[in-house]
Asker: 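Let me give you the structure first, and then I'll get to my questions.
Convention: sequence-line order gives letters A, B, ...; per-chain numbering from 1. It should be emphasised that the depicted structure is a prediction, and the values quoted were computed from it without experimental measurement.
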2 protein chains.
Amino acid sequence: MRFITRDTDYALRALLFMARALRHENKKIVTVEDIVAEEKLPRVFLRRILQKLAVKGVLSSYKGKAGGFSFAMVPKKISLADVIIVYQGEIDLTNCFLQGKICPNRTRCKVRKKIKAINAKLIKELGGINIEELSG
Amino acid sequence: MRFITRDTDYALRALLFMARALRHENKKIVTVEDIVAEEKLPRVFLRRILQKLAVKGVLSSYKGKAGGFSFAMVPKKISLADVIIVYQGEIDLTNCFLQGKICPNRTRCKVRKKIKAINAKLIKELGGINIEELSG
DNA sequence: CTAAATGATACTAAGATAGTATCAATTGAA
DNA sequence: TTCAATTGATACTATCTTAGTATCATTTAG
Ligand code: FES
Ligand code: FES
């Protein structure tokens, strides 16, 4: 069961690194190189991952020399759910094999109904965990 | 987020069909053909799916003419978690990118710790839903 | 200027997914 | 006894997804 994909995983490692750098050294702008040096993640791949966080408004990016990435909001405001959604889309356990198309059975489906209730709880839990506490 | 895979989805459809056949017509043994006729699932693929349920002890199988599949336990005893586990393995949201190998960070990892707690709740919920009620 | 950084895009190898195709073994019944 | 209906077991395949690499363009501090 791949709940957290590699994208999300790497993003989390990067964000936790950035949160620690901010707290411990008051380092606001971090480069991909900084992260790779510490976390041993694949360079170019990680760049794309961070770019996505920037597009989605979680990070801000700065080009050019002395550029890099910084938080666009305080780490406490970024939830685990937020990060997962960036790479995996909305958290939705209620997929059936007709997903995408509208399942004709969708409204009456009991499986869906039950899982939907569980899903709501899951979202709430994941929304309640933030990068600040995870980096602690 | 593919929580329920196609295998699991098809298996659920088949099991719900069997549960209804049992309740409404007291039909205990059902063939792949019966299910395909009603649920429009791919024949050979479905066979393999049901074979797996038989191997795992959820269904009993009977070869030869008048053969087919029957429940190996009452539908009420088969949980959603059971079916998911057959095709997707243990329900475990706590995968990190070092999964398989033992993550050196595993014991201190806060992400893992948090998700582990959520996972326990999820398993409990899914274990509390059974085929009988879903087929109702 | 230029080196250091991100932005954007194209490409690729390996693996997973969702099947199909076949034949073997079993069994109830004509 | 023969045969048709059924599951058991494997091998194969096309498509999609994953996890990257490679490259060049753009920006900017010094
Ligand atoms: S069968 Fe489509 S939502 Fe349940
Ligand atoms: S980093 Fe491996 S378990 Fe969290």
Asker: Short question: side chain of B:Glu125, backbone of B:Leu122 - any donor-acceptor pair under 3.5 Å?
Answerer: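 Not confirmed, B:Glu125 side chain does not pair with B:Leu122 backbone.
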Asker: Which sits closer to the 5' end of DNA chain D, B:Gly64 or A:Gly64, going by the nucleotide each is nearest to?
Answerer: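 The residue closer to the strand's 5' end, by nearest nucleotide, is B:Gly64.
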Asker: Hey, quick one: are A:Ile29 and A:Ile131 part of the same hydrophobic cluster, counting side-chain heavy atoms closer than 4.5 Å, chains of contacts allowed?
Answerer: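 No, A:Ile29 and A:Ile131 fall in different hydrophobic clusters.
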Asker: Among C:dT6, C:dA3, D:dG20, which nucleotide sits nearest the side chain of A:Thr31?
Answerer: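 It is C:dT6.
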Asker: Could you point out which residue of A:Arg20, A:Arg23, A:Lys76 forms a salt bridge (charged side-chain N to carboxylate O under 4.0 Å, His left out) with A:Glu132?
Answerer: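 Answer after filtering A:Arg20, A:Arg23, A:Lys76: A:Arg23.
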Asker: Rounding to a whole Å, what distance do you find between A:Glu33:CD and C:dA5:P?
Answerer: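 Going from A:Glu33 (CD) to C:dA5 (P), I get 7 Å.
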Asker: Taking 4.0 Å as the cut-off, does a side-chain nitrogen or oxygen of B:Arg6 come that near to OP1 or OP2 on C:dT17?
Answerer: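 The answer is no; no side-chain N or O of B:Arg6 sits under 4.0 Å from OP1 or OP2.
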Asker: Nearest whole Å is fine: how far is C:dT17 C1' from B:Ile4 CD1?
Answerer: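 Rounded to whole Å, this separation is 17 Å.
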Asker: Can you tell me how far P of D:dT17 sits from CZ of A:Arg2, to the nearest Å?
Answerer: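 Atom-to-atom, A:Arg2 to D:dT17, this comes out as 12 Å.
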Asker: Using modelled atom types only, decide if a donor and an acceptor are shared between the side chain of B:Asn119 and the backbone of B:Lys116 within a distance under 3.5 Å.
Answerer: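 Such a contact is absent between B:Asn119 side chain and B:Lys116 backbone.
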Asker: So, the side chain of B:Lys110 versus the backbone of A:Gly136: is there a donor-acceptor pair under 3.5 Å, distance only?
Answerer: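 Yes, because the side chain of B:Lys110 sits within donor-acceptor range (under 3.5 Å) of the backbone of A:Gly136.
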Asker: Tell me the interatomic distance from A:Lys65, atom NZ, to C:dG7, atom P, rounded to whole angstroms.
Answerer: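 Computing the A:Lys65:NZ to C:dG7:P distance gives 19 Å.
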Asker: Under 4.0 Å, heavy atom to any atom of DNA chain D: which of residues 44-61 of chain B qualify?
Answerer: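 Heavy-atom contacts with DNA chain D come from B:Arg47, B:Arg48, B:Gln51, B:Ser61.
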Asker: Is B:Asp7 salt-bridged to B:Lys52, cutoff N-O under 4.0 Å?
Answerer: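 Judged by the 4.0 Å cut-off on N to carboxylate O distance, B:Asp7 and B:Lys52 do not form a salt bridge.
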Asker: Table please: side-chain donor-acceptor pairs of residues 54-75 of chain A below 3.5 Å, with sequence neighbours left out.
Answerer:
| unit_1 | atom_1 | unit_2 | atom_2 | d |
| --- | --- | --- | --- | --- |
| A:Tyr62 | OH | A:Ser70 | OG | 3.2 |

Asker: Without decimals, in angstroms, what is the distance between A:Tyr10 OH and D:dT21 P?
Answerer: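 From A:Tyr10 OH to D:dT21 P: 9 Å.
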Asker: What is the distance from CG of A:Asp9 to C1' of D:dT18, rounded to the nearest Å?
Answerer: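 It is 14 Å, rounded to the nearest whole Å.
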Asker: Check every atom of C:dT27, C:dG7, D:dT7 against the side chain of A:Lys63 and return the nucleotide holding the closest atom.
Answerer: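 Nearest to the side chain of A:Lys63 among the choices is C:dG7.
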Asker: Within the 4.0 Å heavy-atom criterion, would you say B:Tyr87 contacts the bases, only the backbone, or no part of the nucleic acid?
Answerer: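 Nothing: the residue B:Tyr87, judged by heavy atoms under 4.0 Å, touches no strand.
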Asker: A:Gln88 has an atom CD; how far is it from atom P of D:dT18, in whole Å?
Answerer: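 Computing the A:Gln88:CD to D:dT18:P distance gives 9 Å.
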Asker: Please state how far atom CG in B:Asp7 lies from atom P in C:dG19, giving the value in whole angstrom units.
Answerer: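 My rounded result for the distance is 9 Å.
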